[in-house]
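These notes concern the structure reproduced below.
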Amino acid sequence: MTEPDDADRSVPPPGLVGRSIDEFVNQLRGFTDRARTLAGSATARLPLPALPSPPGALSAAQVRAIAEMVGAQRSSMAAMRAQLDAFDQQLEVLERILDPLVEWSSTWARLEEAVGDFVRHGERRAERPDAAQ
């Protein structure tokens, strides 16, 4: 047998590529059929997970859902911030109302103490007969 020279190797004879692809496909089919036959008993016992119809669409849907969730959470945070600002304003008003009330209460307590001292001082005089003379 003679070996083909370099020129013969670079140019395949007509139909050789098509025939090689056909042989490859037939070998691949044979391999998958044998693998399916061998694995048939195992797959009958174990349920195989079902793949989503278009895997790319599921991924895009998941990313879209995540993006919508993040947007909703940011909107929720903005609403909470607005509620906290309103609550802070209400507390500020309440604080302004309570300041004079605290001052009034302190003044009233001092007045009660002074009147109490006056009344108690007057009672002590009435209790001592020598003090009235």
(request) Answer yes if Val115 and Trp108 sit in the same cluster of Ile, Leu, Val, Met, Phe, Trp and Tyr residues linked by side chain heavy atoms under 4.5 Å apart, and no otherwise. (result)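 Linked, Val115 and Trp108 end up in one cluster.
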(request) Kindly work out whether a path of hydrophobic side-chain contacts (I/L/V/M/F/W/Y, heavy atoms less than 4.5 Å apart) joins Trp104 to Leu94. (result) yes
Distance (rounded to the nearest 0.5 Å) between [X] [atom1] and [Y] [atom2]:
{"X": "Asp99", "Y": "Glu95", "atom1": "CG", "atom2": "CD", "value": "6.0 Å"}
{"X": "Gln62", "Y": "Met69", "atom1": "CD", "atom2": "CE", "value": "11.5 Å"}
{"X": "Gln89", "Y": "Glu92", "atom1": "CD", "atom2": "CD", "value": "7.5 Å"}

(message) Taking atom CE as the centre, does Met77 end up with more than 12 heavy-atom neighbours from other residues, nucleotides or ligands that are less than 6.0 angstrom away?
(response) no
(request) Answer yes or no: is there an ion pair linking Glu68 with Arg64, defined by an N-O contact shorter than 4.0 Å? (result) no
(request) Indicate yes or no: at least one non-hydrogen side-chain atom of Arg29 is less than 4.5 angstrom from one of Asn26. (result)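 The answer is yes, as the side chains (C-beta and beyond) meet within the 4.5 Å cut-off.
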(message) Quick check against the 3.5 Å criterion: does Ser105 have a side-chain atom that pairs as donor or acceptor with the backbone of Leu101?
(response) no
(request) Please answer whether the main-chain N or O of Glu103 pairs with a side-chain N or O of Thr107 as donor and acceptor at a distance below 3.5 Å. (result)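 Such a contact is found between Thr107 side chain and Glu103 backbone.
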